[in-house]
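This report concerns only the one structure given below.
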Amino acid sequence: MGALSTATVEAPAPAAEVAQAPIRWRVTGAFFTTISVWGAAMGLLSAATAHRPFSASPAVAALAQKALAGPPLLAAAVWALALALALTVHEAGHALMARRVGSPEVEVVLGGLHGRTAYSLDDPWSLRRVLVVLSGALAPAILLPFAWAPHLMPVAVVGALLVGINLIPMPMSDGGHLLAVAIHRLVPEESTAATLTQVV
């Protein structure tokens, strides 16, 4: 599983419209469907492991048993909550930093595993864009303390997975956006502009 977030950079707002509008949020049906399917799948896995424990290394098996402990319905609910919370925190990290660095308009769309935060900067290759991308990628790390709460370990697990997946430098991920900025700043612009404009 993973949440790959695209941070869309649009044209700068006209001088007359510099005032910052409220951050707009939109939640699609795909988001609720994804959360429900994920929770149901983890609930079934919890039921299955109750009868047949993991045959992995002792450390991995112990961690899996702890993360899937409890009645299947409870496990399903906690894992669904974990994914919903992690995805929301991830996009909120992008949105709040985009507002912080001066984007006049910010819109967040939660849809399935693919969230989107749209914002506008006058220089899409600046340090400000790096801050926006990193803020979203690292934001789910605030969920790690849940690892020490009984029955809430899944919240920490999903948060950690989301951070790791989004930092992988591949298309559509935050790591991919960071790589695009690095390439643009290291390689002469005329040789990269044609491809990099398609990345964000």
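From a predicted model like this one, the values you see are computed outputs, not experimental measurements.
Contact detail for Gly111 and Thr28: the closest heavy-atom pair is CA-OG1, 3.1 Å. For the residue pair Pro72 and Ala47, the shortest heavy atom distance occurs at CG-CB, 3.7 Å. The two residues Ala156 and Ala147 make their nearest non-hydrogen contact at CB-N, 3.4 Å. Listed here is the closest heavy atom pair of Gly93 and Ser135: O-CB, 3.4 Å. Nearest heavy atom pair, residue Val106 against residue Ser103, reads CG2-OG, 3.9 Å. Smallest separation of non-hydrogen atoms from Pro140 and Val163: CB-CG2, 4.0 Å.
You'll find the side chain of Val78 stays beyond 4.5 Å of the side chain of Phe146, heavy atoms only. Between His177 and Val130, every side-chain heavy-atom pair lies at or beyond the 4.5 Å cut-off. By the 4.5 Å heavy-atom criterion applied to side chains, Ile35 and Leu87 are counted as neighbours. With a 4.5 Å cut-off on side-chain heavy atoms, Leu85 and Leu143 count as touching. Contact annotation: the side chain of Arg128 never approaches that of Arg100 to less than 4.5 Å [non-hydrogen atoms, C-beta and beyond]. At least one side-chain heavy atom of Glu105 sits less than 4.5 Å from a side-chain heavy atom of Arg24.
A donor-acceptor pair under 3.5 Å links the side-chain atoms of Trp38 to the main chain of Trp79, judged by distance alone. His94 places a side-chain N or O within donor-acceptor distance of the main-chain N or O of Val132, the cut-off being under 3.5 Å. Ser173 places a side-chain N or O within 3.5 Å of a backbone atom of Ile168 that can act as its donor or acceptor partner.
Within the model, atoms CD1 of Ile165 and CG of Asp174 stand 11.5 Å from one another, a figure rounded to the nearest 0.5 Å.
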Walk me through it: do Glu107 and Ile23 pass the test side-chain contact (heavy atoms from CB on, under 4.5 Å)? CA-CA 6 Å; Glu107 180 183 29; Ile23 297 175; over 6 Å; no

Leu138 vs Leu167, test: side-chain contact (heavy atoms from CB on, under 4.5 Å). Steps then yes/no. CA-CA 9 Å; Leu138 299 177; Leu167 289 177; 4.0 Å; yes

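With sequence neighbours left out, Val27 forms a side-chain contact (heavy atoms from CB on, under 4.5 Å) with Phe31, Phe32, Leu110. Every residue two or more places apart in sequence or in another chain was checked for a side chain to side chain donor-acceptor pair (under 3.5 Å) with Arg99, and none qualifies.
Leu162 and Leu152 are members of different hydrophobic clusters when ILVMFWY side chains are connected at heavy-atom separations under 4.5 Å. Transitive grouping of hydrophobic side chains (ILVMFWY, heavy atoms separated by less than 4.5 Å) brings Leu96 and Leu131 into a common cluster. Under the 4.5 Å side-chain heavy-atom criterion for ILVMFWY residues, no single connected hydrophobic cluster contains both Val89 and Leu161. Both Leu178 and Leu127 belong to a common hydrophobic cluster when Ile, Leu, Val, Met, Phe, Trp and Tyr are linked at side-chain heavy-atom distances under 4.5 angstrom. A single hydrophobic cluster is seen to contain both Met97 and Tyr119, as judged by linkage of ILVMFWY side chains at heavy-atom distances under 4.5 Å, directly or through other members.
Classified by interplanar angle (parallel below 30°, tilted 30° to 60°, perpendicular above 60°), the ring pair His184/Trp125 is parallel.
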